[in-house]
Amino acid sequence: MEDENVGDTLLNKKYHENCPGCKVDKAKELKTDVTFRNLLNIWMVVLCSSLPIASLFPYLYFMIKDFNIAEREEDISAYAGYVGSAFMFGRSLTSIFWGVVADRYGRKPVAVLGIFSVIIFNTLFGLSTSFWMAVTTRFFLGCLNGLLGPMKAYSTEIFREEKQGLGLSTLSAAWGIGLVIGPALGGYLAQPTVKYPHLFPKDSFWDKFPYFLPSLSVSAFAFVVAIACIWLPETLHNHPLSNESIDDTEALETGNKSNDADKIIQKDENLFLNWPLMSSIVVYSIFSLHNIAYQEVFSLWAVSPERLGGLNFTTDNVGDILAISGICLIVSQLFLYPSLERAFGPVKFARVSAVLSIPLLQSYPFIAMLSGMTLYLVINIASLLKNVLSMTIITGLFIVQNRAVEQHQRGAANGIAMTVMSIFKAFGPAGGGAVLTWSQKRMHASFLPGTHMVFFVLNVVGGLGVILMFTPFLREEKKPPPEQSVTLT
């Protein structure tokens, strides 16, 4: 019976033969859209965006030190922050532009251009011989790497409605694995002449450019993905979607021409007046700020001495915790999130996750009072839960954003989201580090002593996000806008 319904649906719909978007829509109607190939495409392209961001953190401190630009050792972290912010600043300037380009010319061209920017500017970053060269290459990488916003739209469009959670959770999982593999590449491959002298001799090319190997490995992966993108399906339609997108026969039978005109007018609405979209972007940006500040605070807090409320961990311990969290995050996003999102809805599921993360985060200073294997086990569980809850919130907001607009505006909508998020994220690391330093200077205060304060401040930011996730601020569309490009005559 279901097959007969699908056949009837296809008979009532006409697809343009040479339109890539129509081919995707037909696959969705035939329910052949959920394939390993589509999931792999998302993984590969998103990894090209996350690996360059994450791979430099393990060696950036030493890279800045080798540039000899910092007068004092205490200033190295500040200069390292400028390099990290250069990427976000560049991305905030061009994300809307790339979104508009993706809506006009397609998701695939923007993704390919973004991948080539990784090949060129990530390679040049590894060859940097001065602080300003490093900042410049990171800035241009951020400006030209506009693929993440269009890929969020792509992950929604490549799958039918009930599988959109799978598409966006796959994107989140790919981003998460990039944040695991990236630091590993940077940590193991930087300064190869020191770590692997039998393979990379002293006074060789690798000694002159000690941070080139991790950049080269990421660029080589991006080159392979660029070739694979030749077969990347395009989801945008290449024909005009105006009166053509309305079934004229049905309109004549129902006399519903005025509704058709309303649909056409609605296609060109001002995105900044689309409240479900803009409210979800605001909440998304707040939680993005919270997440990047948390990541900065967690790494610094974990290696801080016990007398300052820290865990006194080594960098290897921190890496192990992040790796375990990353692996569990991938499993959660691929196998648990899609089912739970369908059962509860993206907003309700995100609200519950946001509320649960508040007491979890405030428990961190008490976890620091443990020791030995108990401490290691409990902090791993806490970190795992925190990262899973955070990604659940972000993925839910991804879905809300993409359902709030029609296909031809999704690139621009995600571009706006990436711009606002990048601006917020530019303040996260510096703000988190500053608050942690202040907290550690008040270890014997009567109100929220020591690191209790920094996690309280993080929870204030998260709490603001929780409040804004409820109506009347955040309003979710009951269902995605009709894909008018499907019903073509």
Side-chain angles (χ1 to χ4, degrees), residues 46 50 148-149 152 155-156 164-179 276-298 325-326 328-364 382-404 413-414 417-418 420-422 424-425 428 432 455 457-471 473-477:
V46 174
S50 61
L148 186 58
K152 285 165 57 183
S155 299
T156 301
Q164 288 175 358
L166 174 63
L168 287 169
S169 63
T170 300
L171 183 145
S172 299
W175 185 265
I177 197 172
L179 299 182
L277 171 66
M278 298 310 297
S279 61
S280 64
I281 288 176
V282 171
V283 180
Y284 166 60
S285 298
I286 290 173
F287 278 108
S288 295
L289 168 65
H290 177 272
N291 289 344
I292 198 167
Y294 164 77
Q295 292 167 3
E296 179 80 5
V297 166
F298 179 82
S325 297
C328 294
L329 179 64
I330 295 166
V331 174
S332 169
Q333 286 292 301
L334 290 180
F335 300 105
L336 296 179
Y337 182 85
S339 300
L340 293 173
E341 184 271 327
R342 285 196 299 271
F344 298 102
V347 174
K348 186 180 294 185
F349 193 18
R351 286 171 183 161
V352 172
S353 299
V355 171
L356 291 177
S357 67
I358 292 177
L360 174 65
L361 192 57
Q362 203 60 48
S363 70
Y364 276 37
S383 175
L384 185 159
L385 291 174
K386 178 65 177 68
N387 286 311
V388 168
L389 292 174
S390 295
M391 194 57 68
T392 296
I393 299 167
I394 294 297
T395 306
L397 293 169
F398 281 173
I399 294 175
V400 174
Q401 290 168 21
N402 283 281
R403 288 181 177 177
N414 281 289
M418 293 300 297
V420 180
M421 179 268 286
S422 297
F424 273 65
K425 275 193 169 184
F455 291 109
V457 172
L458 287 174
N459 271 333
V460 169
V461 177
L464 175 61
V466 171
I467 294 172
L468 296 182
M469 290 183 76
F470 289 87
T471 52
F473 189 83
L474 181 65
R475 294 201 303 269
E476 181 190 9
E477 294 285 348

Legend entry - With Val282 via side chain to side chain contact (heavy atoms under 4.5 Å, CB included) - residues at least two apart: Ile286, Leu468, Phe473
Legend entry - Heavy-atom side-chain proximity of Lys386 to Asn291 below 4.5 angstrom: yes
Inset, instruction - Determine, stepwise, if the pair Leu361 / Phe298 fulfils side-chain contact (heavy atoms from CB on, under 4.5 Å). - result: CA-CA 10 Å; Leu361 192 57; Phe298 179 82; over 6 Å; no
Inset, instruction - List for me each residue that meets side chain to side chain contact (heavy atoms under 4.5 Å, CB included) alongside Ser50, sequence neighbours excluded, and say none if there are none. - result: Leu47, Trp175
Inset, instruction - Could you check if a side-chain atom of Met421 sits within less than 4.5 angstrom of a side-chain atom of Ile394, using non-hydrogen atoms only? - result: no
Inset, instruction - Not counting sequence neighbours, which residues clear side-chain hydrogen bond (donor to acceptor under 3.5 Å, both in side chains) with Ser288? List them please. - result: none
Legend entry - Ile281 versus Ala413, closest heavy-atom pair with distance: CD1-O, 4.0 Å
Legend entry - Residues in side-chain hydrogen bond (donor to acceptor under 3.5 Å, both in side chains) contact with Thr395, at least two apart in sequence or another chain: Ser172, Gln333
Legend entry - Residues that Leu384 engages under side chain to side chain contact (heavy atoms under 4.5 Å, CB included), provided they are two or more places apart: Ser325, Cys328, Val388
Legend entry - Note, Asn402 side chain near Asn414 side chain (heavy atom, < 4.5 Å): yes
Legend entry - Residues which pass ring pair (Phe, Tyr, Trp, His ring centres under 6.0 Å) with Phe455, listed by chain and number, not counting sequence neighbours: Trp301, Tyr364
Inset, instruction - Write down the atom of Ser357, the atom of Asn459, and the distance for their closest heavy-atom approach. - result: O-OD1, 4.2 Å
Legend entry - Audit row: Leu289, Lys425, side-chain contact (heavy atoms from CB on, under 4.5 Å) steps and yes/no: CA-CA 5 Å; Leu289 168 65; Lys425 275 193 169 184; over 6 Å; no
Legend entry - Distance, nearest 0.5 Å, that separates NZ of Lys152 from CZ of Phe398: 4.5 Å
Inset, instruction - List the atom of Leu277, the atom of Gln401, and the distance in Å for their closest heavy-atom pair. - result: CD1-O, 3.9 Å
Inset, instruction - For Ala354, check side chain to side chain contact (heavy atoms under 4.5 Å, CB included) against everything at least two apart and list the hits. - result: Phe287, Ile393, Val466, Met469
Inset, instruction - Please round to the nearest 0.5 Å and tell me the distance separating atom CG of Leu397 and atom OG of Ser285. - result: 9.5 Å
Inset, instruction - Might you point out which heavy atoms bring Ile399 and Pro346 nearest each other, and give the distance in Å? - result: CG2-CG, 3.9 Å
Inset, instruction - For residues Gly463 and Ile358, report the shortest heavy-atom separation together with the two atoms involved. - result: CA-CD1, 4.1 Å
Legend entry - Heavy-atom pair of closest approach, residues Ala350 and Thr392: CB-O, 4.4 Å
